[in-house]
Novice: 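Once you've had a glance at the structure underneath, I'll fire off some questions.
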There are 6 protein chains.
Amino acid sequence: MDAFDPAYTGKVFIGSSASYEDSSVVLYGMPMDWTVSFRPGSRFGPNRIRETSIGLEEYSPYLDKHLENYSYHDAGDMMLPFGNPAKSIEIIKETAGRFFADGKFPLGIGGEHLVTWPVMQAACVHDPSVAFIHIDAHTDLREDYEGEPLSHATPVRKICEKIGPENVYSYGVRSGEKEEFDYARTSGMHFSPFEVAEPLKRDLQELQGRSVYVSIDIDVLDPAHAPGTGTAEAGGITSKELLEAIHAIAASGVHVVGADIVEISPPYDSGDQTAIVAGKCIREMLLGWTK
Amino acid sequence: MDAFDPAYTGKVFIGSSASYEDSSVVLYGMPMDWTVSFRPGSRFGPNRIRETSIGLEEYSPYLDKHLENYSYHDAGDMMLPFGNPAKSIEIIKETAGRFFADGKFPLGIGGEHLVTWPVMQAACVHDPSVAFIHIDAHTDLREDYEGEPLSHATPVRKICEKIGPENVYSYGVRSGEKEEFDYARTSGMHFSPFEVAEPLKRDLQELQGRSVYVSIDIDVLDPAHAPGTGTAEAGGITSKELLEAIHAIAASGVHVVGADIVEISPPYDSGDQTAIVAGKCIREMLLGWTK
Amino acid sequence: MDAFDPAYTGKVFIGSSASYEDSSVVLYGMPMDWTVSFRPGSRFGPNRIRETSIGLEEYSPYLDKHLENYSYHDAGDMMLPFGNPAKSIEIIKETAGRFFADGKFPLGIGGEHLVTWPVMQAACVHDPSVAFIHIDAHTDLREDYEGEPLSHATPVRKICEKIGPENVYSYGVRSGEKEEFDYARTSGMHFSPFEVAEPLKRDLQELQGRSVYVSIDIDVLDPAHAPGTGTAEAGGITSKELLEAIHAIAASGVHVVGADIVEISPPYDSGDQTAIVAGKCIREMLLGWTK
Amino acid sequence: MDAFDPAYTGKVFIGSSASYEDSSVVLYGMPMDWTVSFRPGSRFGPNRIRETSIGLEEYSPYLDKHLENYSYHDAGDMMLPFGNPAKSIEIIKETAGRFFADGKFPLGIGGEHLVTWPVMQAACVHDPSVAFIHIDAHTDLREDYEGEPLSHATPVRKICEKIGPENVYSYGVRSGEKEEFDYARTSGMHFSPFEVAEPLKRDLQELQGRSVYVSIDIDVLDPAHAPGTGTAEAGGITSKELLEAIHAIAASGVHVVGADIVEISPPYDSGDQTAIVAGKCIREMLLGWTK
Amino acid sequence: MDAFDPAYTGKVFIGSSASYEDSSVVLYGMPMDWTVSFRPGSRFGPNRIRETSIGLEEYSPYLDKHLENYSYHDAGDMMLPFGNPAKSIEIIKETAGRFFADGKFPLGIGGEHLVTWPVMQAACVHDPSVAFIHIDAHTDLREDYEGEPLSHATPVRKICEKIGPENVYSYGVRSGEKEEFDYARTSGMHFSPFEVAEPLKRDLQELQGRSVYVSIDIDVLDPAHAPGTGTAEAGGITSKELLEAIHAIAASGVHVVGADIVEISPPYDSGDQTAIVAGKCIREMLLGWTK
Amino acid sequence: MDAFDPAYTGKVFIGSSASYEDSSVVLYGMPMDWTVSFRPGSRFGPNRIRETSIGLEEYSPYLDKHLENYSYHDAGDMMLPFGNPAKSIEIIKETAGRFFADGKFPLGIGGEHLVTWPVMQAACVHDPSVAFIHIDAHTDLREDYEGEPLSHATPVRKICEKIGPENVYSYGVRSGEKEEFDYARTSGMHFSPFEVAEPLKRDLQELQGRSVYVSIDIDVLDPAHAPGTGTAEAGGITSKELLEAIHAIAASGVHVVGADIVEISPPYDSGDQTAIVAGKCIREMLLGWTK
């Protein structure tokens with residue numbers, strides 16, 4: 001029917017057109033929020049980003065690139081069992097594994113930050129030498145959260161244990177337990193708290209030629225820029241700075257193999273500004289990091 | 001991909017599964033709100049109803065029927081030119097005409113109430129003897145609105161002129177201009193202001209065997225039940241009563257050929273209760289009025 | 001300038017046209033909320049009612065009357081000193097006194113319920129035999145509130161002491177202290193808790209021929225119908241029932257000399273349904289109670 | 001310090017004064033929402049109810065009783081491990097068991113409805129003949145929810161299996177799967193869908209003398225009365241009717257041994273009307289059902 | 001009446017006192033939003049700005065100037081026909097033309113950005129050599145928007161065609177179609193994307209002595225500073241920077257003949273921060289750009 | 001009861017554990033907002049800050065300090081008589097006096113800014129040489145506000161008169177009356193408008209060794225960072241800058257004897273970002289300024 005277009009009112013992210021088979025990039029949602037300790041709601045993040053993406057243009061004046069020249073597919077949201085983190089993580093790991101096996105660039109939307117852990121496990125199967133770039137307000141370096149090893153506060157620690165802390169690069173952190181900061185400072189991981197763009201640019205020089213997976217927790221932004229998130233933390237960076245970081249990665253010689261952006265929680269943002277900034281980041285990640 | 005299901009997070013209305021070709025019912029959105037005089041926003045109604053429909057069951061305990069036994073297709077939202085009512089109405093009329101021509105039951109979601117006018121024009125081509133059941137807080141009987149004949153305040157007048165006021169049945173009206181009430185009371189149309197279920201049940205007896213098109217403006221509900229609408233009007237009916245009216249039509253011998261529900265405006269309803277009640281009405285209309 | 005009309009975007013209540021001198025009714029706001037014990041914000045009530053009144057019609061199909069046949073003047077909001085109840089009450093008493101002296105029907109919009117007290121003092125000067133009809137969820141019969149005699153919880157007690165409890169008629173009350181209910185039941189006042197329309201209709205027969213002042217606290221409505229109020233109290237009446245009560249007074253032989261509607265608090269009502277129902281009540285009070 | 005009072009700004013529910021030891025009733029929160037399928041947020045329900053309870057009076061004019069004559073203790077919220085339903089349920093069962101063992105009347109506040117299941121297990125240990133009164137919009141009779149036996153959709157089924165369906169009395173249900181309705185109608189449980197007060201009053205006669213546990217899901221109310229809930233369902237009862245049901249139980253000869261009210265989700269209710277109606281229900285439950 | 005003051009509760013913008021005849025500046029609203037492609041609601045912008053202006057002071061510490069020394073008149077909002085862009089634009093053009101003819105400085109409040117087009121047409125009649133300063137997140141350089149030449153996305157293109165691109169100065173743009181950026185870069189217009197204050201200060205030197213019309217789209221601000229706008233675009237400037245730009249124009253030798261600020265959409269900003277920043281800009285524009 | 005912990009769901013500020021007697025710091029709320037001229041609601045500030053503090057960590061990576069090493073007591077909110085500023089101020093003065101007399105560091109949470117005045121009076125009794133550091137968007141230097149000397153617009157003037165303007169240091173001010181700015185610039189007080197961190201750092205050198213009381217009005221932040229405040233004022237500083245100022249005081253040699261943070265108004269901030277930034281400031285003030 002000519003009058004209808006699936007992208008028209010935000011059912012898929014703007015510019016999604018290729019089928020799964022024909023796509024080089026797969027955009028997919030992981031609507032899981034059952035381990036968050038403060039404010040749940042990020043399960044609604046992926047869809048709100050799609051819905052508000054109709055306010056975006058498909059062209060980036062920053063990169064002078066256009067989505068129509070990219071073959072990407074918005075696969076929708078995964079079906080995950082409510083309240084069962086272990087099973088959810090299994091499903092995500094298997095699905096992400098299939099994306100890598102099929103030669104796709106997986107671009108995930110959270111959901112809580114724990115979803116990054118199974119995707120990184122799949123990334124390591126695909127490429128054991130992959131490094132991890134982590135942009136976040138929180139360390140996420142706990143061994144467990146009140147006894148639970150599968151928690152939104154633990155994924156970066158798990159990834160450190162998986163790929164070695166020396167392959168983990170963390171930026172913008174301004175909150176965590178003392179033990180986490182001690183680990184961050186002594187384990188050998190690359191740790192640049194409070195700031196993002198400047199230390200990232202420095203590190204990207206040594207990362208040149210390497211394959212990396214990049215995970216952005218939207219709460220790295222100040223709550224002024226991203227009020228709709230589970231654990232907003234004052235004193236953060238601006239959306240301008242986050243875009244600058246994305247563009248720095250795009251301009252560097254690193255090989256991004258996959259990425260995600262997480263913790264967008266629409267119920268705490270009546271004007272949807274968090275979904276809007278996340279959508280713009282996704283467009284820039286798509287245009288800047290994939291082919 | 002097994003992990004993904006288009007209906008999972010509200011991209012289509014729950015239970016939509018058939019393709020257009022295999023469906024007997026087509027659900028479609030008409031996201032137009034450019035002639036509203038007070039609060040715009042109903043362009044976001046259809047999608048919010050889809051999104052919140054995941055909180056509904058596919059089974060109706062009122063009708064003891066299940067969506068899985070129905071072949072219906074959610075076509076998405078029409079592309080309509082912003083700010084151009086005349087062209088928008090042309091597109092709607094043509095699209096609805098195709099639905100009727102293809103033997104489908106069109107179940108439309110507004111958008112403002114003006115969208116009913118082109119659909120009824122198409123319905124008349126399909127079946128010139130069709131009657132019109134109108135459930136609404138407002139008369140919508142103006143000849144023009146501040147000079148504009150294409151306005152959300154005029155569709156019922158236009159329909160009266162098209163099919164004759166004696167074939168128009170109006171319920172629940174509690175607001176309008178004096179001239180509109182005068183017309184309602186003297187033109188020969190069937191006019192039952194303030195109340196819905198009781199007068200409707202009476203009239204359904206005389207309508208038996210006839211084909212009808214039914215249009216529900218969500219503002220017939222009291223603002224307590226539907227705060228998210230362009231022109232909320234106090235003193236309305238409950239959602240229980242509206243469901244009772246839908247079930248009365250289902251139980252009568254009338255032949256419903258098409259229907260719509262309009263004026264759901266999410267920006268004025270932070271808890272989405274308006275989208276939720278509209279979604280339940282749509283399920284009952286689907287199960288009760290179509291085959 | 002032809003293109004501009006002060007009533008167009010809610011700067012005055014719909015249909016206000018007469019100058020103060022030519023008007024028989026004066027609509028005026030008393031934006032005071034400094035003694036409320038729970039949620040302040042009713043200072044913004046009068047203006048939000050004006051603003052949302054543009055969604056109303058000037059014609060009432062209930063009364064078959066039209067505002068264009070009434071000469072009323074919207075005077076705007078009084079300037080009251082923030083945080084000074086005593087001085088605020090003085091200003092209100094003096095202003096209302098002038099309205100009565102000038103032969104106007106004062107139709108006040110609150111603000112907290114304490115504003116009724118100075119207006120009733122002025123009404124008594126004008127007509128010492130005036131009775132008081134009180135429609136409210138709360139008794140408002142305290143002698144003081146945590147030591148303060150000038151409180152939103154005391155006006156009806158003060159009025160009882162001024163005009164005698166036997167001249168006070170209270171409806172719909174469902175909350176108060178035990179002492180207040182004891183007073184209500186033993187002082188000789190007419191007290192019909194929980195219900196409004198039925199007991200009011202009974203009492204109106206004995207009130208025939210008398211002059212009355214009527215005060216409506218919007219919280220007599222269930223929070224479903226009026227969420228935007230300082231002290232919402234579950235278990236209330238519907239907007240249909242409140243309109244029925246207003247129409248019953250209009251149809252009775254009582255002589256209403258003045259009236260108010262109070263406690264509309266916009267910050268707690270994101271869809272403005274409370275302002276909308278209050279606006280409709282004001283239109284019906286204007287058309288039904290004044291000349 | 002004289003100037004401070006823990007009850008003053010909603011840190012405990014109004015009127016809570018006794019220590020745990022001196023209390024006959026314990027009010028406690030179960031802030032768990034990790035298995036909900038649609039909108040999480042009920043973890044914030046108990047505290048928002050406490051906060052808004054300062055708008056309530058301690059006296060009930062319905063029952064002519066006053067909280068100062070009751071010795072009850074607000075214990076606060078349980079610490080429950082985020083995202084771990086099994087462990088959460090263990091903690092609740094153990095804690096509720098201690099309440100029963102200590103001779104207290106446990107009055108719980110959810111959280112999601114699954115929390116009722118461990119409390120009922122504890123109630124059965126305390127009194128194996130206890131019956132279960134269930135007031136809810138949803139059947140909650142699933143065996144599992146997408147494979148998960150510990151889900152907000154399963155507690156009533158589990159309770160049926162535990163105490164026998166003939167000891168379960170369910171009211172107000174208007175949503176569920178066909179299989180659930182089939183079970184409700186054929187298993188021998190007492191099932192009165194759509195309505196609450198009337199069928200409850202009938203059944204209370206046969207329940208006289210028995211001990212019962214009562215669970216109220218706030219979504220039995222129409223979304224107009226309780227927009228802030230995980231899975232709002234249109235077509236529900238009014239707050240007046242729910243209060244009538246509570247009062248009917250108070251007036252009957254049944255022996256209530258414990259109770260809860262669940263699924264209040266503040267993020268979806270900008271005016272807090274859901275917390276306000278829940279708070280009033282809790283006061284009436286306290287005054288009417290306990291000693 | 002002494003107790004009443006039209007400016008008291010936001011019925012006019014603070015400090016408005018002169019009559020139209022006695023004023024040198026006219027503040028006026030253009031409440032049109034019918035061509036917006038994403039989120040309508042800017043029709044409520046002008047009034048919300050007036051309402052929140054009561055939180056502002058009449059004195060500017062930046063400019064050391066006071067509104068009491070200015071004779072300006074708040075004319076209210078124009079009456080524009082809903083859904084009819086062509087007729088609306090006619091009315092605006094005619095009204096603005098009268099302002100210029102009467103020797104007034106027109107200070108307009110939108111409404112969508114299309115309203116600038118008819119005002120600029122009137123400005124050109126008044127002064128054919130006028131230049132155009134455009135501060136915005138979007139290029140607004142389309143020839144048409146999905147076929148509609150009268151769209152919120154086209155005004156700057158129309159102005160370029162009217163006065164020549166070499167007389168158009170655009171700042172802060174960060175979104176548009178590729179074709180628009182190509183036009184911006186090749187047509188000869190002055191185009192400084194992403195930044196505002198610095199490039200503007202440079203250009204103001206060459207503009208000295210010229211007459212200019214200035215149009216500010218509030219979405220040039222980052223959504224953190226202006227969430228309430230139709231098409232929020234991340235990566236924008238701060239309110240400090242926008243004030244700096246306004247002050248730079250005030251300090252330069254250009255002759256501002258008229259100005260507007262547009263796209264403030266209150267429904268998407270529950271705390272009204274967008275109306276508040278717009279109100280402060282209006283005060284500074286009044287004090288800095290007019291006499 | 002092991003399962004319960006008063007700090008668990010925000011009933012006290014995170015990390016509060018000591019009893020009043022054992023504490024060196026007392027955190028206390030002053031929920032007064034009855035003299036505010038624009039938007040009331042700050043009475044709910046202290047409790048919302050406690051509630052959202054559960055999203056904070058007890059460890060500060062800025063200061064490398066942990067709350068567990070501090071003995072502080074959250075005393076809750078004072079009981080203040082609604083609508084009676086004079087009596088409220090008496091209670092605050094007396095209570096704060098007791099804190100000083102008992103050797104505590106009082107850390108107050110407003111409420112409106114007038115609450116600082118009685119605390120400073122108590123501070124002067126305790127230490128007559130105390131200086132006053134004032135961080136705010138508004139001068140607060142009026143002699144009275146529309147005739148009321150006890151107003152949220154007057155506290156700093158009163159303090160100037162009490163301790164001499166030469167002992168008052170004011171930062172970040174960007175709004176006030178001309179007379180206030182004149183006073184600020186000529187009275188001898190230290191006045192650094194528009195900016196905070198830089199001028200503060202300069203002045204801290206001359207303040208070394210002195211005892212100071214510090215008062216932070218949250219509206220010094222731009223509305224982007226603190227939308228939830230009574231009188232939001234555009235053009236403010238970021239939360240990063242405010243944290244920098246707090247840390248500068250911590251690093252200087254001044255002796256802070258008490259402090260407060262005021263004007264957090266939750267009803268105007270649907271995502272609670274204002275409470276969240278205030279909570280973080282409180283933690284840093286606790287860790288940086290007290291022992």
Side-chain angles (χ1 to χ4, degrees), chain E residues 5 8-10 14-15 49 51-69 218 221-228 232 234 236-247 261 264 267-284 287, chain F residues 36-41 137-142 145-146 152-153 170 172-182 184-185 191-196 219 221-241 263-274:
Chain E
D5 173 349
Y8 181 59
T9 41
I14 45 153
I49 290 170
E51 196 176 306
T52 57
S53 75
I54 61 172
L56 282 173
E57 295 288 343
E58 296 186 25
Y59 170 73
S60 166
Y62 302 89
L63 297 167
D64 193 23
K65 290 184 176 174
H66 199 289
L67 284 178
E68 71 189 356
N69 301 319
I218 202 70
L221 293 175
D222 193 273
H225 294 267
I237 67 169
T238 65
S239 61
K240 247 186 186 169
E241 291 166 55
L242 182 54
L243 289 168
E244 188 187 345
I246 292 171
H247 296 147
I261 188 162
I264 296 95
Y268 297 93
D269 181 1
S270 61
D272 279 331
Q273 65 182 93
T274 315
I276 287 168
V277 69
K280 185 164 184 172
C281 288
I282 289 169
R283 187 192 69 192
E284 298 300 298
L287 294 174
Chain F
V36 306
S37 51
F38 186 28
R39 306 190 301 193
H138 300 91
T139 43
D140 288 3
L141 284 167
R142 301 195 194 187
Y145 189 78
E146 297 182 8
H152 71 117
S170 192
V173 168
R174 57 191 184 275
S175 178
E177 293 196 315
K178 181 167 174 33
E179 291 68 26
E180 295 178 274
F181 275 85
D182 288 347
R185 287 168 174 141
F191 186 63
S192 302
F194 308 120
E195 290 180 73
V196 177
D219 66 20
L221 293 175
D222 192 273
H225 295 266
T229 192
T231 315
E233 179 76 30
I237 67 169
T238 66
S239 61
K240 249 187 185 168
E241 291 167 55
E263 297 282 6
I264 297 95
S265 185
Y268 297 94
D269 181 1
S270 60
D272 279 332
Q273 64 181 94
T274 315

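Just so it is clear, the structure is predicted and the values come from calculations on it, not from any experiment. Letters go in sequence order (proteins before strands), and every chain restarts at 1.
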Novice: Using side-chain heavy atoms (C-beta onward) and a distance below 4.5 Å, is F:Leu221 in contact with F:Glu241?
Specialist: no
Novice: Only pairs of heavy atoms separated by less than 4.5 Å count here; which of F:Pro227, F:Gly176, F:Ser175, F:Ser37 has the most with chain E?
Specialist: F:Gly176
Novice: Do F:Thr231 and F:His138 have a side chain donor and acceptor closer than 3.5 Å?
Specialist: no
Novice: Sort by residue number and list every residue of residues 274-284 of chain E having at least one heavy atom under 4.5 Å from chain F.
Specialist: E:Ile276, E:Val277, E:Lys280
Novice: Distance-only, no hydrogens or angles: does the F:Glu180 side chain make a donor-acceptor pair with backbone N or O of F:Thr139 under 3.5 Å?
Specialist: no
Novice: Mind telling me whether F:Phe181 and E:Tyr59 have parallel, tilted or perpendicular rings, with 30° and 60° as the class edges?
Specialist: tilted
Novice: Might you work through the side-chain contact (heavy atoms from CB on, under 4.5 Å) test for E:Ser270 and F:Tyr268, ending with a clear yes or no?
Specialist: CA-CA 7 Å; E:Ser270 61; F:Tyr268 297 94; over 6 Å; no
Novice: Heavy-atom pairs under 4.5 Å with chain E: which of F:Gly236, F:Gly230, F:Pro193, F:Gly271 has the most?
Specialist: F:Gly236
Novice: Do the side chain of F:Ser265 and the main chain of F:Thr229 share a donor and acceptor less than 3.5 angstrom apart?
Specialist: no
Novice: Under a 4.5 Å heavy-atom cut-off, does chain F meet the side chain of E:Asp222, its backbone, both or neither?
Specialist: neither
Novice: My understanding is that only one of E:Thr238, E:Ile237, E:Ile218 makes a side-chain contact (heavy atoms from CB on, under 4.5 Å) with E:His225; could you say which?
Specialist: E:Thr238
